[in-house]
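Structure record follows, encoded as structure tokens.
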Amino acid sequence: MTDISFDTEVTAKAAESGANASARFRERMETAGRAGVVDTARVDHLASKVIKAINDIVIEDQVSYAEYNALKAWLIKVGEDGEWPLFLDVWLEHSVEEVASAHREGSKGTIEGPYYLDGSPELGWNGTIPMRDDEPGTPLLFSGQVRAVDGTPLTGAKIELWHADDLGFYSQFAPGLPEWNLRGTWIANEDGRFEIHTLRPAPYQIPTDGACGQLIAAAGWHAWRPAHLHFKVSAPGYELITTQLYFPGDPHNDDDIASAVKPELMLDPRDNPAGEGVAVDYDFVLDPES
Ligand code: DHB
Ligand code: FE
């Protein structure tokens, strides 16, 4: 008999991540008091444009009732599966990020994705990320400096890191992981420097068992994102950057489903001379707030 318990567990976790991502997003918007604050003229302009673009596609591509009904059923399922955050962050956020960061001179950013949480444990300037005793993965020593575009080191800058475990799961979204597993906050020292002790992340597949997975399968696409580390880097008086960093040689660097890879975000890891695993340097450069 085939043992399917592992697959069942993985599938159950994937389904839950979507629902948690929706709930967390709603809470964050409510806390920030930012839900629904787009002005009427802008809503009129943008909603009219979106509706027209879709109608134009229907006419141009001669969309049938069978296709219209398949779309309707799928849109209902995206909501039921809690996968709107997933869908939007994978297929739309990259353009929004491009618009938002076009003016910046400092380090490049990229999408946040659905799995950020604020308030992760503070680990000094050189601490080790919270992880399980038997956490699988290669040790990664990530060092660098936070500075302003004019070169000033930013003492006290905050570096928040979150990443998936070896199976592609994020703590507090997939069940069964310690609360802050693979999430932490470092505070840059007097030279703006920090040293993060973590694990090298594995390539990641967006959940395939919900509506987004159904679309991917129906269109013959794949669900992979290259292995990545997520960061938010901030300091008072400077623009916060949300970014992700990637590893050379990953098979999905060139076809990330979320279109979030940029050449400037590629790390250059080397064998760690001082210990096990790999070491890498990367500096974050922040723009002053305007
Ligand atoms: C998704 C997950 C990620 O880890 C990420 O970085 C971007 C998007 C997602 O599942 O939508
Ligand atoms: Fe991610």
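Indexing begins at 1, ligand by ligand and atom by atom, following the structure's order. Throughout, residue positions are numbered sequentially from 1 according to the sequence presented.
Not less than 6.0 angstrom separates the ring centroid of Trp162 from the ring centroid of Phe173. In this structure, Phe231 has its ring center no closer than 6.0 Å to that of His163.
Ligand-side atoms of ligand 1 in range of Ile206: 9 (C), 10 (O), range being under 4.0 angstrom from any heavy atom. Interface of Arg225 with ligand 1, defined as ligand atoms under 4.0 Å from a residue heavy atom, comprises 5 (C), 6 (O), 7 (C). Residue-ligand proximity, Pro114 to ligand 1, at heavy-atom distances under 4.0 Å covers atoms 1 (C), 2 (C), 7 (C), 8 (C), 9 (C), 11 (O).
Residue Glu93 places no heavy atom under 4.0 Å from ligand 1. Heavy-atom distances between Gln244 and ligand 1 reach below 4.0 Å in at least one pair.
Restricting His230 to its N, O or S atoms, the one at the least distance from the Fe ion (ligand 2) is NE2.
Ranking the protein heavy atoms by distance from atom 4 (O) of ligand 1 puts Tyr170 OH, 2.8 Å first. The protein heavy-atom contact nearest to atom 3 (C) of ligand 1 is Tyr204 CE2, 3.8 Å. Protein heavy atom at the shortest distance from atom 9 (C) of ligand 1 is Leu86 CD1, 3.0 Å.
Annotation for Arg132 and Pro178: closest pair CG-CG, 3.6 Å, computed over non-hydrogen atoms. Shortest non-hydrogen contact noted between Leu123 and Pro130 is CD1-CD, 4.0 Å.
Two residues are said to be in side-chain contact when any heavy atoms from C-beta on lie closer than 4.5 Å; Ile257 and Tyr204 fail this criterion. By the 4.5 Å heavy-atom criterion applied to side chains, Leu267 and Leu229 are counted as neighbours.
For the pair Asp44 and Lys49, the salt-bridge criterion is not met [side-chain N within less than 4.0 Å of a carboxylate O].
Vertex the Fe ion (ligand 2), arms ending at OH of Tyr170 and NE2 of His228: the angle is 90° after rounding to 10 degrees.
Considering only residues two or more places apart in sequence or on other chains, Arg193 meets the side-chain contact (heavy atoms from CB on, under 4.5 Å) condition with Gln145, Asn189, Asp191.
Between Asp89 and ligand 1, a contact under 3.5 Å exists for no N or O pair.
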